[in-house]
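Counting convention: from 1, in listed order, for ligands and their atoms alike. Please read all numbers here as calculations on a predicted model, not as lab measurements.
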Amino acid sequence: MPSSEVVKQLEYLFKPEAVAVIGASRKPKKIGYEIVRNLLEYEYQGKIYPVNPKAEEILGLKCYKSILDVPGRVDLAVISVPAKLVPAVLKECGEKGVKNVAVISSGFGEIGNVELEKEIVDIARKYGMRLLGPNIFGLVYTPTRLNASFGPRDVLPGNIAFLSQSGALGIALMGWTILEGIGLSAVVSLGNKADIDDADLLEYFNADPNTRVILIYMEGIKDGRRFMDIAKKVSKNKPIIVIKAGRSEKGAKAVASHTGSLAGSDVIYSVAFRQSGVLRAISFEEAFDWARALSKLPPPKGENAIILTNGGGVGVLATDACEEYDVKLLDMPEDLMEAFRKYMPPFGSPKNPVDLTGQASEEAYRGAFEEALRDPRVHSVILLYCETIITDPVLLADVIIDAYHNAKEKKPVVVNFVGGEASDKAMRKLEREGIPTYPTPERAVSALAAVYRWARYSGHI
Ligand code: COA
């Protein structure tokens with residue numbers, strides 16, 4: 001299918017005018033009940049049609065015996081009936097003219113029922129429907145307030161699209177992003193990828209103005225060449241981060257028994273990802289660290305980073321991390337050192353790291369940070385702070401936010417505060433204002449390094 005056709009059809013998956021839930025249940029805690037509840041309580045604005053031959057009404061909504069009885073058009077049908085009933089239900093969806101189906105039901109290829117899986121794909125193709133799943137927890141698209149999943153309800157809006165081949169991990173990470181204050185444009189459970197796969201969704205989110213970064217938890221890909229070809233193109237426009245599980249021999253075996261995917265040679269994956277601009281993360285913590293930076297920051301205009309700190313120790317740790325992750329530190333010109341000297345006592349260091357010393361005030365930070373944002377030879381800033389009683393972390397956060405928003409030129413800035421409760425509060429404030437923060441200097445540098453890797457691949461530098 002040409003990419004423009006894929007995008008056109010998937011528009012109805014993420015922005016449907018009407019959603020039917022087939023297998024909508026009358027009983028709380030059952031999957032078919034919770035999906036209807038999520039649609040209602042996440043305040044999806046389109047029409048919701050529960051379908052259940054035995055029910056009159058579910059959660060106050062009129063219930064239909066079959067999708068064929070539903071008045072008006074249906075763009076998305078979420079199917080939550082036992083596997084053996086799925087083919088018949090799908091045929092009815094096809095006759096109704098449904099554009100996309102999301103099959104929640106398990107019991108297909110993942111347990112060896114490949115024939116049944118093939119049968120449902122054939123039915124979907126026959127009627128021109130795209131099929132998400134089977135064996136999924138559903139999907140969420142925050143711009144349309146669509147939560148057609150049985151995962152957590154209050155997904156925070158943002159611009160990271162998160163695609164997961166694992167169900168339980170996907171659901172868990174949905175909850176975790178809420179706790180961490182990470183905003184998402186979409187959550188998509190991929191399951192067995194019988195029809196819609198990672199490559200289709202890359203095409204869609206590449207064209208989606210509400211998405212800036214695509215993050216995928218992947219165990220295996222069926223058509224590696226197609227994925228890499230599309231990823232190569234998409235990565236030039238938007239960063240793609242992949243957590244590819246099954247790196248070790250035993251991990252690969254675990255993948256085979258989990259989703260039935262072939263994990264494949266890890267070295268081949270690594271090389272292919274690198275060639276197609278995909279940023280490979282080792283853990284979900286690392287993946288979301290990078291995604292927060294890439295979704296918030298502008299690409300740098302050059303290689304030169306500087307470290308601003310009030311603590312020598314964190315400055316050294318960040319320097320080591322820069323070396324390790326390939327972030328280049330600016331070789332400080334004499335005149336710039338002079339400029340930084342104004343904001344530190346005589347025993348400070350204006351080299352890179354710029355050490356404002358433990359007695360640095362909020363205003364010293366302001367002066368040095370503004371200088372860094374102003375000077376065209378500085379392309380990015382790693383701002384570190386160790387909590388002292390000299391400087392109030394929350395006031396410091398205000399100073400950083402003010403300087404960042406008032407800077408003439410936007411540069412990537414990553415922040416690490418080390419301290420107690422007040423530092424944590426300050427970091428949350430910075431995060432809300434679009435400045436990514438990290439609990440360690442190494443994680444801050446690793447995130448900036450990801451921004452650099454993408455900027456190099458996409459030709460920004
Ligand atoms: N059309 C519409 N509704 C139908 C129907 C049909 N043809 N046939 C039955 N139903 C109704 C049932 O009456 C029931 O409603 P009720 O609870 O009000 O009686 C509802 O659909 C669900 O059917 P039920 O037979 O009770 O199934 P279930 O809810 O126990 O299980 C699945 C259905 C899909 C949830 C289950 O088979 C499954 O696959 N679970 C795993 C899902 C999963 O983990 N996915 C992967 C996540 S990562």
Side-chain angles (χ1 to χ4, degrees), residues 19-39 48-70 74 76-96 98 101-113 116-117 119-120 123 131-140 147-152 155 162-176 187-197 216-220 245 255 257-261:
V19 181
V21 181
I22 307 180
S25 170
R26 295 158 289 182
K27 299 174 194 115
K29 298 284 176 203
K30 280 182 76 170
I31 289 177
Y33 177 91
E34 297 302 332
I35 292 174
V36 178
R37 191 165 153 214
N38 267 356
L39 281 166
I48 306 167
Y49 299 118
V51 177
N52 180 329
K54 296 182 201 141
E56 294 300 319
E57 195 185 280
I58 290 173
L59 284 155
L61 296 170
K62 178 178 162 45
C63 210
Y64 296 87
K65 304 242 172 287
S66 151
I67 188 148
L68 294 169
D69 300 332
V70 168
V74 175
L76 168 63
V78 183
I79 299 176
S80 179
V81 292
K84 62 178 188 312
L85 302 181
V86 174
V89 160
L90 265 182
K91 277 184 199 136
E92 292 190 348
C93 288
E95 281 160 28
K96 175 73 184 164
V98 170
V101 289
V103 182
I104 303 288
S105 325
S106 302
F108 295 86
E110 82 284 2
I111 55 157
N113 259 340
L116 190 59
E117 187 158 310
E119 188 184 347
I120 62 168
I123 298 168
L131 184 151
L132 183 67
N135 190 28
I136 58 169
F137 62 82
L139 70 146
V140 177
N147 187 338
S149 82
F150 63 91
V155 180
F162 170 44
L163 324 179
S164 181
Q165 188 172 358
S166 163
L169 182 65
I171 292 178
L173 288 179
M174 273 168 86
W176 179 80
V187 183
V188 186
S189 175
L190 282 160
N192 297 4
K193 308 190 214 181
D195 175 36
I196 296 175
D197 64 4
I216 309 176
Y217 170 83
M218 177 190 285
E219 297 196 345
V255 157
S257 61
H258 180 209
T259 41
S261 299

### Query
Nearest to atom 24 (P) of ligand 1, what protein heavy atom do you find, and at what distance?
Lys30 NZ, 4.0 Å

### Summary
Residue, atom and distance of the protein heavy atom nearest atom 11 (C) of ligand 1 read Asn52 ND2, 3.7 Å

### Task
Around atom 48 (S) of ligand 1, find the nearest protein heavy atom and jot down its residue, atom name and distance.
Gly167 CA, 3.3 Å

### Message
What protein heavy atom lies closest to atom 7 (N) of ligand 1? Include the residue and the distance to one decimal.
### Response
Val89 CG2, 4.0 Å

### Query
So do the side chains of Cys93 and Ile22 get within less than 4.5 Å of each other, counting heavy atoms only?
yes

### Task
Give the residue and atom name of whichever protein heavy atom lies nearest to atom 20 (C) of ligand 1, and the separation in Å to one decimal.
Gly23 O, 3.5 Å

#### Entry: Geometric N/O contact Ile104 with ligand 1, under 3.5 angstrom
yes

### Query
Does Pro53 have a non-hydrogen atom less than 4.0 Å from ligand 1?
yes

### Query
Is the backbone N or O of Ala24 less than 3.5 Å from a side-chain atom of Asn52, with the two atoms forming a donor-acceptor pair by type?
yes

### Summary
Closest non-hydrogen atoms of Val74 and Leu76, given as atom of the first, atom of the second and distance, are CG1-O, 3.4 Å

#### Entry: Heavy-atom closest pair, residues Tyr33 and Ser25
CD1-O, 3.3 Å

### Query
Rounded to the nearest 0.5 Å, how far apart are OG of Ser164 and CD1 of Ile136?
11.5 Å

### Task
Compare Ser25, Gly32, Pro82 and give the one whose heavy atom is closest to atom 23 (O) of ligand 1.
Pro82

### Query
Is atom 17 (O) of ligand 1 less than 4.0 angstrom from some protein heavy atom?
yes

### Message
Check contact between Tyr33 and ligand 1, using heavy atoms of the residue and a distance below 4.0 angstrom.
### Response
no

### Query
Given that the side chain starts at C-beta and the backbone is N, CA, C, O, which of these parts of Val81 lies under 4.0 Å from ligand 1, counting heavy atoms, or is it both or neither?
both

### Message
Tell me whether Ser80 has any N or O atom under 3.5 angstrom from an N or O of ligand 1.
### Response
no

### Query
So, the side chain of Asn192 versus the backbone of Ser106: is there a donor-acceptor pair under 3.5 Å, distance only?
no

### Message
Would Ser105 count as a polar contact of ligand 1, with the cut-off being nitrogen or oxygen pairs under 3.5 Å?
### Response
no

### Task
Looking only at protein heavy atoms, identify the closest one to atom 13 (O) of ligand 1 and say how far it is in Å.
Lys54 NZ, 3.4 Å

Let me have the donor-acceptor pairs involving side chains of residues 78-87, under 3.5 Å, with sequence neighbours excluded, atom names and distances please.
none

### Summary
On a heavy-atom basis, the closest approach of Ile67 and Ala77 is CD1-CB, 4.3 Å

#### Entry: Any donor-acceptor pair under 3.5 Å from Asn147 side chain to Asn38 backbone
no

### Query
Is there a donor-acceptor pair under 3.5 Å between the side chain of Lys193 and the backbone N or O of Gln165?
no

### Query
Is Ala55 in contact with ligand 1, taking contact as a heavy-atom separation below 4.0 Å?
no

### Query
If you measure from each non-hydrogen atom of Leu85 to ligand 1, which part falls under 4.0 Å: side chain, backbone, both or neither?
side chain

### Query
Who's the nearest protein heavy-atom neighbour of atom 39 (O) of ligand 1, and how far?
Ser106 N, 2.8 Å

### Query
Which heavy atom in Ala102 sits nearest to a heavy atom in Leu139, and how many Å separate them?
CB-CD2, 4.1 Å

### Task
Taking Glu110 for its side chain and Phe108 for its backbone only, find out whether a donor-acceptor pair lies under 3.5 Å.
yes

#### Entry: Option set Ile171, Ile136, Leu169, criterion heavy-atom distance to atom 47 (C) of ligand 1, minimum
Ile136

Which atom pairs, donor and acceptor, lie under 3.5 Å between side-chain atoms of residues 54-66 and protein residues at least two apart or in another chain?
from	atom 1	to	atom 2	distance (Å)
Lys65	NZ	Pro53	O	3.4
Ser66	OG	Leu68	N	2.9
Ser66	OG	Glu92	OE1	3.0

### Message
Would you say that Val187 contacts Phe137 through its side chain, given a criterion of any heavy-atom pair below 4.5 Å between the two side chains?
### Response
yes

### Message
Among all the protein's heavy atoms, is there at least one whose distance to atom 36 (C) of ligand 1 comes out below 4.0 Å?
### Response
no

### Message
List ligand 1 atoms under 4.0 Å from Ile22, heavy atoms only on the residue side.
### Response
1 (N), 2 (C)

## Note on the structure
Note: Arg26, heavy atoms under 4.0 Å from ligand 1, region reported as both

### Query
Are any of the N/O atoms in Ser189 less than 3.5 Å from those in ligand 1?
no

### Query
In ligand 1, which numbered atoms sit nearer than 4.0 Å to a non-hydrogen atom of Phe150?
47 (C)

### Task
Show which atoms of ligand 1 fall inside a sub-4.0 Å distance from at least one heavy-atom site of Lys27.
16 (P), 17 (O), 19 (O)

